[in-house]
Amino acid sequence: MSVEPDPQVVAGLDAWRSMGALQQPQWPDATALDAVTARLSTLPPLVFAGEADHLRAQLAAAGRGEAFLLQGGDCAETFSTATADNIRNKIKTILQMAVVLTYGASLPVIKMGRMAGQYAKPRSSDTETRDGVTLPAFRGDIINDYEFTPEARTPDPQRLLEAYHTSASTLNLIRAFTTGGFASLLRVHEWNRGFMANPSYSRYEEIAAEIDRAIRFMAACGADFDALRSVDFFSSHEGLLLDYERPLTRIDSRTGLPYDCSAHFVWIGERTRQLDGAHVDYFSRVQNPLGIKLGPTTSGDDALALIDKLNPQGEAGRITFITRMGAGKVRDLLPALVEKVTADGRPVTWVCDPMHGNGITSASGYKTRRFSDVMDEVAGFFEVHRGLGTVPGGLHIELTGDDVTEVLGGSEEIDDEGLARRYETLVDPRLNHQQSLEMAFQVVELLRAS
């Protein structure tokens with residue numbers, strides 16, 4: 001028996017339209033946009049309300065220190081790279097990291113991709129100028145094209161439909177990979193053995209050998225490895241483009257309440273978390289677990305005001321604060337923020353985004369990050385929580401399963417000259433496959449220290 005929604009609840013889902021919605025494109029044809037969003041509203045949901053509820057319970061456990069979140073994927077997905085190989089490699093990388101972290105933390109790891117919807121990107125300027133020509137900024141494949149021509153840069157509503165269908169096919173592959181034996185613990189462990197064959201990673205041999213012994217011990221005890229052949233894998237993206245999120249919001253027949261069925265988990269970015277803004281209002285009205293990015297200017301009062309707006313009743317697992325302070329600031333700025341929120345008493349899950357506060361431009365002109373800075377912010381995040389007796393609940397990483405060269409350093413020592421070999425991102429630099437696994441082993445060392 002389905003529950004009828006409250007008409008006021010449904011009407012409230014459109015309150016954002018009268019507010020200041022930042023980071024939205026200027027659609028040239030309102031009629032075309034209306035036709036596309038009407039079509040989107042009739043298409044099947046990409047995820048289901050019960051799955052989002054299941055994730056919320058797991059995130060609540062992470063907030064209590066009973067699980068750990070690993071969220072990873074592209075800075076900005078593109079339609080052209082949504083291939084089976086690319087999707088498989090990203091899932092493989094996250095699964096490999098998760099096995100290492102599960103062992104190191106002795107906790108279940110929640111596996112979440114920045115996948116199947118991460119197609120819109122906030123930009124610091126509405127326009128871009130090259131050689132005296134000014135065009136709309138590239139805002140992600142869901143809005144316009146990266147090619148620098150007037151036709152490519154004009155926002156096109158048809159791209160919302162392409163984003164939906166590409167997300168659906170991505171989720172289809174994710175479900176096949178994570179339930180069909182590809183995610184088997186034994187198989188993932190074999191992949192990590194291959195990683196250890198590289199002499200650059202000899203410092204991690206001891207941990208890898210311990211994991212190997214643990215798995216052989218489980219096998220000797222008759223552990224049911226068939227039960228470890230599948231994993232839960234959740235989708236997430238920044239809930240930026242409200243003309244996409246609104247038509248994919250559905251009323252749950254069990255409760256009569258709205259869920260954003262474009263992803264299990266959506267987050268509000270640093271540029272769109274204004275208390276009186278459209279994004280905070282909209283996502284206060286859906287039931288999904290929510291992330292909120294908090295940068296170095298965030299005060300404790302800012303964080304509490306966001307909780308008041310988005311989770312006034314203090315439901316565990318509803319709010320994940322994703323901090324992005326920068327390696328040089330995290331130890332100074334994070335403690336006061338965590339202390340103020342902890343004193344309030346309403347539960348949140350604290351997650352570290354060590355990528356977005358550590359951007360630099362290389363001598364050769366590439367937008368990049370140093371692996372050492374990324375790891376230093378992670379270390380600072382753990383140190384702060386250890387010092388306060390609070391829980392470091394997870395990591396939020398921009399990564400790819402491919403051997404790109406976009407982040408400086410790591411044991412393979414990518415230098416400025418090396419960036420040019422395979423710099424493929426259209427927006428922000430990502431850890432490659434090897435750097436991602438190296439991070440997992442270093443985080444195990446941090447977990448052990450705490």
Side-chain angles (χ1 to χ4, degrees), residues 22 59-71 105 122 238 265 267-277 279-280 283-284 289-360 369-370 372-398 442-443 446-447 449-450:
L22 300 183
L59 290 170
R64 297 189 298 267
E66 299 162 11
F68 191 83
L69 173 67
L70 175 61
Q71 183 178 10
E238 180 175 357
F265 178 95
W267 71 86
I268 302 170
E270 173 83 345
R271 290 186 174 100
T272 53
R273 58 173 176 80
Q274 298 79 15
L275 286 172
D276 58 353
H279 291 82
V280 169
F283 290 110
S284 73
L290 300 174
I292 304 132
K293 291 285 189 83
L294 303 180
T297 62
T298 312
S299 70
D301 288 336
D302 293 336
L304 293 183
L306 285 163
I307 297 173
D308 290 340
K309 182 74 175 177
L310 295 165
N311 191 27
Q313 303 305 315
E315 179 188 10
R318 162 72 167 171
I319 295 294
T320 296
F321 279 147
I322 306 167
T323 61
R324 37 161 297 182
M325 300 293 174
K329 298 177 180 178
V330 63
R331 293 169 179 84
D332 296 327
L333 299 179
L334 185 57
L337 190 61
V338 174
E339 284 179 312
K340 186 102 177 187
V341 171
T342 302
D344 175 77
R346 287 173 292 186
V348 304
T349 302
W350 292 100
V351 167
C352 177
D353 168 3
M355 309 296 290
H356 286 92
N358 293 305
I360 61 169
R369 294 157 174 149
R370 295 185 187 92
S372 57
D373 290 341
V374 170
M375 286 310 310
D376 189 41
E377 178 155 2
V378 174
F381 175 79
F382 277 94
E383 289 166 21
V384 167
H385 284 285
R386 184 166 68 245
L388 295 175
T390 49
V391 176
L395 295 171
H396 179 114
I397 309 296
E398 288 185 335
Q442 289 197 23
V443 170
L446 293 170
L447 287 166
S450 61

* Asked: Is there a side-chain contact between R346 and D308, using heavy atoms and a 4.5 Å cut-off?
  -> yes
* Asked: Checking side chain to side chain donor-acceptor pair (under 3.5 Å) for the pair H356/E398: CA distance, chi angles, key distance, verdict?
  -> CA-CA 9 Å; H356 286 92; E398 288 185 335; 3.0 Å; yes
What donor-acceptor contacts under 3.5 angstrom involve side-chain atoms of residues 335-343, with partners at least two apart or in another chain?
unit_1: K340; atom_1: NZ; unit_2: D301; atom_2: OD1; d: 3.0
unit_1: T342; atom_1: OG1; unit_2: V338; atom_2: O; d: 2.7

* **Side-chain heavy atoms of L22 within contact of R271, under 4.5 Å** => no
* Side-chain (R273) to main-chain (V280) donor-acceptor, under 3.5 angstrom -> no
* To do: Would you mind listing every salt bridge (Lys or Arg N to Asp or Glu O under 4.0 Å) that reaches into residues 314-330, with sequence neighbours excluded?
  => R56-E315
Side-chain polar contacts of residues 378-385 - donor-acceptor pairs under 3.5 angstrom, sequence neighbours left out - could you list them?
unit_1: E383; atom_1: OE1; unit_2: R331; atom_2: NE; d: 2.8
unit_1: E383; atom_1: OE2; unit_2: R331; atom_2: NH2; d: 3.4
unit_1: H385; atom_1: ND1; unit_2: T390; atom_2: OG1; d: 2.8

* Asked: Rounded to the nearest 0.5 Å, how far apart are CG of N311 and NZ of K309?
  -> 13.5 Å
* Asked: Do T323 and V330 touch side chain to side chain, with heavy atoms closer than 4.5 Å?
  -> no
* To do: Quick one: do H396 and K293 satisfy side chain to side chain contact (heavy atoms under 4.5 Å, CB included)? Show the steps, please.
  => CA-CA 10 Å; H396 179 114; K293 291 285 189 83; 3.8 Å; yes
* Under 3.5 Å, side chain of D353 to main-chain N/O of L395, donor-acceptor pair present? -> no
* Structure fact -> Rounded to the nearest 0.5 Å, the CD atom of E377 sits from the SG atom of C352 at a distance of 4.5 Å
* Structure fact -> All heavy atoms of A316 vs all of P347, minimum pair found to be CA-CG, 3.7 Å
* Asked: Any donor and acceptor pair, going by atom type alone, linking the side chain of E238 with main-chain N or O of I268 inside 3.5 Å?
  -> no
* Non-hydrogen side-chain atoms of I360 and R370 separated by less than 4.5 Å -> yes
* Are W267 and L290 side-chain neighbours, meaning at least one heavy-atom pair lies under 4.5 Å? -> no
* So, do L306 and L275 sit near enough that their side-chain heavy atoms are less than 4.5 Å apart? -> yes
* Structure fact -> Interatomic distance, CZ@F265 vs CG@L59, rounded to 0.5 Å, equals 6.0 Å
* From CD1 (I397) to CG (L70), nearest 0.5 Å -> 7.5 Å
* Between T349 and R64, is any side-chain donor less than 3.5 angstrom from a side-chain acceptor? -> no
* Asked: If you look at every heavy atom in P289 and G317, which pair is closest and at what distance?
  -> CB-O, 3.5 Å
* Any side-chain donor near an acceptor of the partner, Q274 and H279, under 3.5 Å -> no
* Asked: What pair of heavy atoms forms the shortest contact from A327 to D376, and how long is it?
  -> CB-OD2, 3.6 Å
* To do: Could you grab the distance from atom CG of D302 to atom OG1 of T297, nearest 0.5 Å is fine?
  => 7.0 Å
* To do: State, with a plain yes or no, whether a side-chain heavy atom of P354 is found less than 4.5 Å away from one of D373.
  => no
* Asked: Is there a side-chain contact between I292 and T320, using heavy atoms and a 4.5 Å cut-off?
  -> no
